[in-house]
2 protein chains.
Amino acid sequence: MEMMTGRTLFRNYKEYDQKEVEICGWVKSNRGSKKFGFLVINDGTFFEPIQVVYDQEMGNFDTVSKLNVGTAVIVNGTVIVTPDAKQPFEIHAKSVEVEGECPSDYPLQKKRHTLEYLRSISHLRPRTNTFQAVFRVRSQIAYAIHKFFQERDFVYVHTPLITGQDCEGAGEMFQVTTMDLNKIAEEGKVDYEQDFFKKPVSLTVSGQLAGETFAQAFRNIYTFGPTFRAEDSNTTRHAAEFWMIEPEIAFADLEDNMILAEQMIKYIINYVMEHAQEELQFFNKFVDKGLLERLNHVVSSDFGRVTYTEAVKLLEEHNDEFEYKVSWGIDLQTEHERYLTEQIFKKPVFVTDYPKEIKAFYMKMNEDNKTVAAMDLLVPAIGEIIGGSQREDDLAKLEERITELGMKPEDYDFYLDLRKYGSTRHAGFGLGFERMVMYATGIANIRDVIPYPRTVGKCQY
Amino acid sequence: MEMMTGRTLFRNYKEYDQKEVEICGWVKSNRGSKKFGFLVINDGTFFEPIQVVYDQEMGNFDTVSKLNVGTAVIVNGTVIVTPDAKQPFEIHAKSVEVEGECPSDYPLQKKRHTLEYLRSISHLRPRTNTFQAVFRVRSQIAYAIHKFFQERDFVYVHTPLITGQDCEGAGEMFQVTTMDLNKIAEEGKVDYEQDFFKKPVSLTVSGQLAGETFAQAFRNIYTFGPTFRAEDSNTTRHAAEFWMIEPEIAFADLEDNMILAEQMIKYIINYVMEHAQEELQFFNKFVDKGLLERLNHVVSSDFGRVTYTEAVKLLEEHNDEFEYKVSWGIDLQTEHERYLTEQIFKKPVFVTDYPKEIKAFYMKMNEDNKTVAAMDLLVPAIGEIIGGSQREDDLAKLEERITELGMKPEDYDFYLDLRKYGSTRHAGFGLGFERMVMYATGIANIRDVIPYPRTVGKCQY
């Protein structure tokens, strides 16, 4: 008999009523009396565990009744639908076979552990309810993103991780080398001829520039890959290694960009609400009580739109409530972003047309020559979740801006070529994947949505 | 009117007969006479270009008739189905608007360019027929892989890129640092307390060990992410940065592993044959004339199975044909692998149970104590495309093997924990994503299936 997954069984248990099945999994709890007992088992494919009833008829009853939490078992038995019980069905075991024992020093005993403690055992925490839910939802969101773009014929592009470029002319980067640092210390000099790429290279902070080169060939593309920031900031929202999604669309402007972003966010949330009901209910109950209401509100709202200039006016009226006072020209802080989306608009809102000074060189200059065609999407409880813009597609203006900022146009030859040969209006945005997972789960710390998080001083496992 | 994609139009052109549409794209060719002309346009969403007929009625006829290859245009016009022509339909233009001009020094004039030349303009090559086909198929294969695993309820895991581990106890790795190398040279010492992670860290060569920790929680998982090898080998099959897919299945043995690998390969090829017919026909005509026959053969064959020991016997009979002679204990070379799959089995074949000396420490020891439960999948024209194994799940045996190989068990504490707490039979494999793309397209050089390839001394763009 082929071993069935918990998911298949839960989704189709009525079909299996009175039928014999084989399942496997790990013991979550074991309550026994002298004559019979209950094993609760989860095989990791479905959030709800399976209840198994065993009794003295079984040859190894004594062994089974003493099985520890964490033991891996294989169960053969009959499915019995239980309309009056809490769980929709149970399995009456014919046999329970021990696949792998679990000693009593297993760190995940049946009690609540703090998220801090669980972070210290990252290799075991995926076995807990919280992380079963988080990492399955993470997987589903990743798939929803691919599905969304592929259904719209976007081409998925793997932009390079190791790069000789510094996309935004800023941002702390990790250097990548094959040179022996001790040898460098010993010899007292750095000779890049000895390095793998014969020059200094770093880990990418964004795939956007490379993504644009593909949008000018495939019209609609997206990236979905890791990015790196060596920023020395120890917050609950930043990690040194995280994943980003960066779509780029040609023959498209800022308006098209906002439409795409809104459709994508709604698609992702709808997908998770359909495929991870059990997980979302768990989060709503134990992690963030407003979660389901918020997600439902997002998918049914038309996202707001406001220019930076209008937003600043709206916020200035509430300056007494802010730690940092708002005035035209400042970079909005999280407190301002949240106030806009939570208090003023009470739904997700795009803020557009920011002052050029606080945005990147590649953003399209507006006619006022003061603001650029940028957009940030702000959502309740998080603040900024997406940042994007229409790109400057005018060769002369882009060269001017690069020079103005003290960068060298020759470092951007390939990028300028896009504006020389069949240039098009185009736009794109970046979605921080982990922020999307935090948003969909209510989990507050980025370390708890990444399998093995990397932050300052932390690179365990 | 919303701009339609070329793909939507090609897939549904009959619906649009006699209807007005708006399309956009880049001019591939422009043939004009005094009274009318033909523009061939591609918007990058479909392999076949769209033929546009324009005539003197148009206000800007003179401008349009002089448009260069590479110009970005927006066309409004009527779809006319053309059952007797080479192309299924054409568009009779009402207007052709220039979105972005293209000067005559555009490097991609309408003639054949060598792949070598195109590599030197990686930012423009996606606009050529060959790379339109390659990178769309690459995108489709990526999606097919996600679809295959998600349909089977596998959880997608993002294993870390920056790692303190050295998975296979070998393999040249890239070091990642935020320390200033010049300062190290100056000060004559390396102080990791000054580094971002306060210790030496590298780029991962495999996500397997972390993947295993998740399989012991979710039963079935897969990774799909970048991996790095700093190997100084300048071949057509190796890149320093490439993507890997590494599924890991719990409560599963080598047999289950082979079944999964065979299903996955067939699923990918079927997906591409269904969704990229035009691209595959192009490859079959211009890149690799045996391609379609080979792919069809793979999806309709039952993959062969042979143990390493049997394979060596079979190959020894042909030792006069090999540069490197075969005998029990050697690592099979590409010439041997190809001979096995192309000449002896004439189809894909799994070679299993290799000598432990030539395989990694984590593979399950067979009862003979000489071989391990490894599997390599060999395919015609490529050789090895998948490498995998059942994993050693016995704590004592794994510790013994780690010590035997001079590694330190304490470096693998987290990995050994999996064998201590609810250990299960489990297995997994790695598929080199680029090798799969090469296999499905017939493209012979790995540099031509990666958007921006990184190889020794090459890190452009």
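Throughout, protein chains are lettered first and strands after them, A, B, ... in sequence-line order, and every chain is numbered starting at 1. Since this is a predicted model, take the numbers as computed values, not measurements.
Of the listed residues (B:L203, B:D232, B:D411), the one with the most heavy-atom contacts under 4.5 Å to chain A is B:L203. Ranking A:Y106, A:F433, A:F214 against chain B, the residue ahead of the rest is A:F214, based on heavy-atom pairs under 4.5 Å. When the candidates A:V98, A:T71, A:L181 are compared by the number of heavy-atom contacts under 4.5 Å with chain B, A:L181 comes out ahead. Options A:F414, A:F196, A:F174 differ in how many heavy-atom pairs under 4.5 Å they form with chain B, and the most are formed by A:F196. Counting heavy-atom pairs under 4.5 Å between each of A:I450, A:V155, A:V157 and chain B puts A:V155 at the top. Interface remark: of the candidates A:E186, A:M179, A:Q132, A:R138, A:Q132 forms the most heavy-atom pairs closer than 4.5 Å to chain B. Comparing B:K198, B:R136, B:R125 by heavy-atom pairs within less than 4.5 Å of chain A, the highest count is held by B:R136. For chain A, the option among B:D413, B:D393, B:I121, B:V456 with the highest count of heavy-atom pairs below 4.5 Å is B:V456. Most heavy-atom pairs under 4.5 Å with chain A: of the set B:A252, B:C24, B:G225, this distinction falls to B:C24. Ranked by non-hydrogen atom pairs under 4.5 Å with chain B, the options A:A210, A:G44, A:S202, A:P103 are led by A:G44. For chain A, the option among B:F135, B:F131, B:F149 with the highest count of heavy-atom pairs below 4.5 Å is B:F135. Heavy-atom pairs under 4.5 Å with chain A were tallied for B:E187, B:E193, B:H146, B:R219; the largest tally goes to B:R219.
Side-chain atoms of A:Q150 never come within 3.5 Å of backbone atoms of B:Q140 as a donor-acceptor pair (strictly under, hydrogens ignored). Counting only distance, with no hydrogens or angles, the side chain of B:R7 and the backbone of A:D153 share no donor-acceptor pair below 3.5 Å. Panel note: side chain A:W26, backbone B:A217; no donor-acceptor pair is recorded below 3.5 Å. No donor-acceptor pair closer than 3.5 Å links the side chain of B:E101 to the backbone N or O of A:Y421.
Looking at every heavy atom in both residues, B:S423 comes nearest to A:A72 through O-CB, 3.7 Å. Smallest separation of non-hydrogen atoms from B:G422 and A:C102: N-CB, 3.9 Å.
Proximity to chain B (any heavy atom under 4.5 Å) is shown, for A:T128, by neither the backbone nor the side chain. For chain B, the nearby parts of A:R454 are the backbone and the side chain; heavy atoms of each come within less than 4.5 Å. Interface residue A:Q216: backbone and side-chain heavy atoms are both found under 4.5 Å from chain B. Neither the backbone nor the side chain of B:Y415 comes within less than 4.5 Å of any heavy atom in chain A. When heavy atoms are compared at a cutoff of 4.5 Å, B:K420 approaches chain A by way of both its backbone and its side chain. Residue contact with chain B, scored on non-hydrogen atoms closer than 4.5 Å, involves the side chain of A:V201 exclusively. Of the atoms belonging to A:K183, not a single heavy atom falls under 4.5 Å from chain B. Proximity to chain A involves both the backbone and the side chain of B:D105, based on heavy atoms less than 4.5 angstrom apart. Heavy atoms closer than 4.5 Å to chain B are found in both the backbone and the side chain of A:V176. With a 4.5 angstrom heavy-atom cutoff, A:V73 touches chain B only via backbone atoms. For chain B, the nearby parts of A:P126 are the backbone and the side chain; heavy atoms of each come within less than 4.5 Å. For a residue to count as touching a neighbouring chain, one of its non-hydrogen atoms must lie under 4.5 Å from one of that chain's; by this rule B:N182 touches chain A with backbone and side chain alike. For A:Y192, the part sitting under 4.5 Å from any heavy atom of chain B is the side chain, from C-beta outward, and nothing else. For A:D43, the parts sitting under 4.5 Å from any heavy atom of chain B are the backbone and the side chain alike. Neither the backbone nor the side chain of B:V69 comes within contact range of chain A, judged by heavy atoms closer than 4.5 Å. The contact between B:E241 and chain A is made entirely by side chain atoms (from C-beta outward), counting heavy-atom distances below 4.5 Å. Only the backbone of B:T455 comes within contact range of chain A, judged by heavy atoms closer than 4.5 Å.
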Decide yes or no on side-chain contact (heavy atoms from CB on, under 4.5 Å) for A:I74 and B:R425, but give the supporting numbers first.
CA-CA 11 Å; A:I74 297 173; B:R425 264 167 292 166; 3.1 Å; yes

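Ring orientation note: the planes of B:H158 and A:F224 are tilted relative to one another, at an angle of 30° to 60°.
In this structure, the separation between OG1 on B:T178 and CD on A:E172 is 8.5 Å, given to the nearest 0.5 Å. Interatomic distance, NZ of B:K189 versus CD1 of A:I184, reported as 15.0 Å (0.5 Å rounding). In this structure, B:T5 OG1 and A:N220 CG are separated by 8.0 Å, a value rounded to the nearest 0.5 Å. How far CG of A:L416 is from NE2 of B:H123: 9.5 Å, rounded to the nearest 0.5 Å. For the atom pair CD (A:E99) and CZ (B:F251), the distance works out to 5.5 Å, reported to the nearest 0.5 Å. Atom-to-atom distance recorded for A:R152:CZ and B:T8:OG1 is 11.5 Å, nearest 0.5 angstrom.
Taking the side chain as every heavy atom from C-beta outward, B:P160 and A:P451 never approach each other to under 4.5 Å. Here the side chains of A:Y156 and B:Y143 are not in contact, with every heavy-atom distance at 4.5 Å or above. Using a 4.5 Å cut-off on side-chain heavy atoms (C-beta onward), B:F228 and A:L161 make contact. At a threshold of 4.5 Å between non-hydrogen side-chain atoms, the residues A:C459 and B:I162 count as touching.
A donor and an acceptor atom, one from each side chain of A:Y452 and B:T163, are nowhere located under 3.5 Å apart.
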